[in-house]
**Q** 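Pasting a structure below so you can have a look.
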Amino acid sequence: MNCFALVPAAGSGARMGAATPKQYLDLLGKPLIWHTLHALSAVPEIARICVVISAGDEWWDSYDWSAFDRLQVLRCGGTSRAESVLNGLQAAEVDDADWALVHDAARPCLDPHMVSAMIAELQDDAVGGILAVPVADTLKRAGVCDRIACTESRDGLWQAQTPQMFRRGALIDAIAAYIGPDITDEASALEKQGHSPQLVMGSPWNIKVTYPQDLKLAALILHGAVVNG
Ligand code: CTP
Ligand code: MG
């Protein structure tokens, strides 16, 4: 069983509203993506970490990444997350049967132990699966002028996170077949093919940094992880 991580990091971070793409914003004295790569590097089952950056990335080379010995940089990012993932999967020098763990660069608070547990749970699975958490809040559907139209049941609803773990060849086939606005994660491409990926319990700490306040939250989570072990 071979596992590799694929880290899409070719986004512009438009919702963050900063001049620099969010993966390079400062988080506790390091670029945000450093924490993501540090967490993945602490997963012993992961043999290689492939980072997908855009061809025009002006930031990556200004940092020293030599401490990460299993890193491979792929300068083939696309115009959407799915395209970056597909390009990266195709460029990665790995076998089709290898497990790809696709993990957003923008999720720096990942717990390496959770990834090892995920790999242990899914390594003999026919399809693969994703980290996710059950929806906790009551859900409202908005009607006209943001008046509540109704309350939606949260029964059986989960929020998808990453990593998402699928076999490289199968994932390439699924994304290539269904790439488009509906494919916002890897599992959705497999679902279109009729597969039912496994939901694996994730963690509320595994946030995706999207808006400026998320950067502060990530700093608190990472600081807390250091303080609390
Ligand atoms: N991503 C990518 N290629 C793209 C778009 C996104 O590799 N064309 C990556 C981002 O760098 C990020 C992950 O996919 O690590 C999740 O995407 P998201 O949080 O949406 O990041 P951005 O697209 O950069 O942010 P925004 O949508 O606010 O512009
Ligand atoms: Mg985006």
Side-chain angles (χ1 to χ4, degrees), residues 4-27 30-41 43 46 48-63 65 68 71-92 100-110 115 130-133 159-166 168 171-172 174-176 178-189 202-219 221-222:
F4 69 101
L6 186 92
V7 181
S12 63
R15 286 170 287 179
M16 185 63 75
T20 306
K22 64 187 175 188
Q23 53 272 32
Y24 298 113
L25 292 178
D26 183 88
L27 178 56
K30 307 267 192 213
L32 186 151
I33 190 175
W34 183 94
H35 298 274
T36 311
L37 301 177
H38 187 250
L40 289 168
S41 297
V43 180
I46 291 180
R48 186 185 299 201
I49 302 169
C50 303
V51 182
V52 183
I53 61 175
S54 69
D57 187 308
E58 308 161 18
W59 294 272
W60 177 266
D61 291 328
S62 57
Y63 298 99
W65 302 104
F68 296 105
L71 209 55
Q72 183 181 7
V73 185
L74 305 170
R75 297 169 193 267
C76 58
T79 54
S80 66
R81 183 184 177 283
E83 204 178 306
S84 295
V85 170
L86 180 59
N87 292 350
L89 288 170
Q90 285 168 333
L101 282 92
V102 181
H103 182 65
D104 293 326
R107 291 185 191 268
C109 305
L110 180 66
V115 183
I130 72 170
L131 286 189
V133 288
Q159 285 177 260
Q161 300 183 338
T162 68
Q164 303 208 351
M165 176 171 159
F166 297 102
R168 184 245 195 170
L171 188 52
I172 288 177
I175 299 176
Y178 291 104
I179 195 162
D182 292 355
I183 303 302
T184 51
D185 69 351
E186 288 60 57
S188 53
S203 159
W205 305 129
N206 185 20
I207 62 165
K208 182 160 74 70
V209 174
T210 305
Y211 297 101
Q213 59 269 36
D214 299 330
L215 201 55
K216 292 184 184 166
L217 192 55
I221 293 168
L222 287 170

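In listed order, ligands and their atoms are each counted from 1.
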**Q** Please give me the minimum heavy-atom distance between Gln90 and Arg168, naming the atom from each residue.
**A** O-NH2, 3.4 Å
**Q** Answer side chain, backbone, both or neither: which part of Thr79 comes under 4.0 Å from ligand 1, heavy atoms only.
**A** backbone
**Q** Which heavy-atom pair separates Val209 from Pro108 by the least distance, and what is that distance?
**A** CG2-CD, 3.9 Å
**Q** Quick test: of every protein heavy atom, which one is nearest to atom 27 (O) of ligand 1, and how far off is it to 0.1 Å?
**A** Arg15 NH2, 3.0 Å
**Q** How long is the span from the CD1 atom in Ile46 to the NE2 atom in His103, to the nearest 0.5 Å?
**A** 9.0 Å
**Q** Write out the residue and atom name of the closest protein heavy atom to atom 12 (C) of ligand 1, then the distance separating them to 0.1 Å.
**A** Pro8 O, 3.7 Å
**Q** Mind telling me whether Trp65 and Phe68 have parallel, tilted or perpendicular rings, with 30° and 60° as the class edges?
**A** tilted
**Q** Against heavy atoms of Ser12, which atoms of ligand 1 measure under 4.0 Å?
**A** 24 (O), 29 (O)
**Q** Quick check: closest heavy atoms across Phe4 and Ala92, and the distance to 0.1 Å?
**A** CE1-CB, 4.3 Å
**Q** Is there a polar contact between ligand 1 and Val52, counting only N or O atoms under 3.5 Å apart?
**A** no
**Q** What residue and heavy atom of the protein are closest to atom 8 (N) of ligand 1, and at what distance?
**A** Gly78 O, 2.9 Å
**Q** Which one holds for Pro21 and ligand 1: side chain close, backbone close, both close, or neither close, with close meaning a heavy atom under 4.0 Å?
**A** neither
**Q** In the protein, what heavy atom is nearest to atom 29 (O) of ligand 1, and what distance, to one decimal place, separates them?
**A** Ala14 N, 2.7 Å
**Q** Just by distance, no angles: are the side chains of Asn87 and Ser84 close enough, under 3.5 Å, to form a donor-acceptor pair?
**A** no
**Q** I need the contact type for Ala9 against ligand 1. Using non-hydrogen atoms and a strict under-4.0 Å cut-off, is it side chain, backbone, both or neither?
**A** backbone
**Q** Looking only at protein heavy atoms, which one is nearest to atom 23 (O) of ligand 1, and how far off is it?
**A** Gly11 CA, 4.1 Å
**Q** Given Glu83, Met16, Arg81, identify the one with the heavy atom nearest to atom 14 (O) of ligand 1.
**A** Arg81
**Q** I need the minimum non-hydrogen distance between Ala9 and Ala105, along with the two atoms involved.
**A** CB-CB, 3.6 Å
**Q** Under 4.0 Å from a heavy atom of Ala106: which atoms of ligand 1 are those, numbered in the order shown and with their elements?
**A** 15 (O)
**Q** Minimum heavy-atom separation for Pro8 and Val102, please, with both atom names.
**A** CD-CG1, 4.0 Å
**Q** Under 4.0 Å from a heavy atom of Ser84: which atoms of ligand 1 are those, numbered in the order shown and with their elements?
**A** 2 (C), 3 (N), 4 (C), 7 (O), 8 (N)
**Q** Trp60 versus Ile33: any side-chain heavy-atom pair under 4.5 Å?
**A** yes
**Q** Quick test: of every protein heavy atom, which one is nearest to atom 7 (O) of ligand 1, and how far off is it to 0.1 Å?
**A** Ala10 N, 2.9 Å
**Q** For ligand 1, which part of Lys208 has a heavy atom less than 4.0 Å away: the side chain, the backbone, both, or neither?
**A** side chain
**Q** How far is atom 24 (O) of ligand 1 from its nearest protein heavy atom, and which residue and atom name does that atom have?
**A** Gly13 N, 2.8 Å
**Q** So which heavy atom on Trp205 is nearest to which on Ile221, and how close?
**A** O-CD1, 3.6 Å
**Q** Can you pull out the closest protein heavy atom to atom 21 (O) of ligand 1? Residue, atom name and distance to 0.1 Å, please.
**A** Lys22 NZ, 3.2 Å
**Q** Check contact between Asp104 and ligand 1, using heavy atoms of the residue and a distance below 4.0 angstrom.
**A** yes
**Q** Checking side chain to side chain donor-acceptor pair (under 3.5 Å) between Asp104 and each of Arg81, Gln161, Gln23, Lys208, which is the one that passes?
**A** Arg81
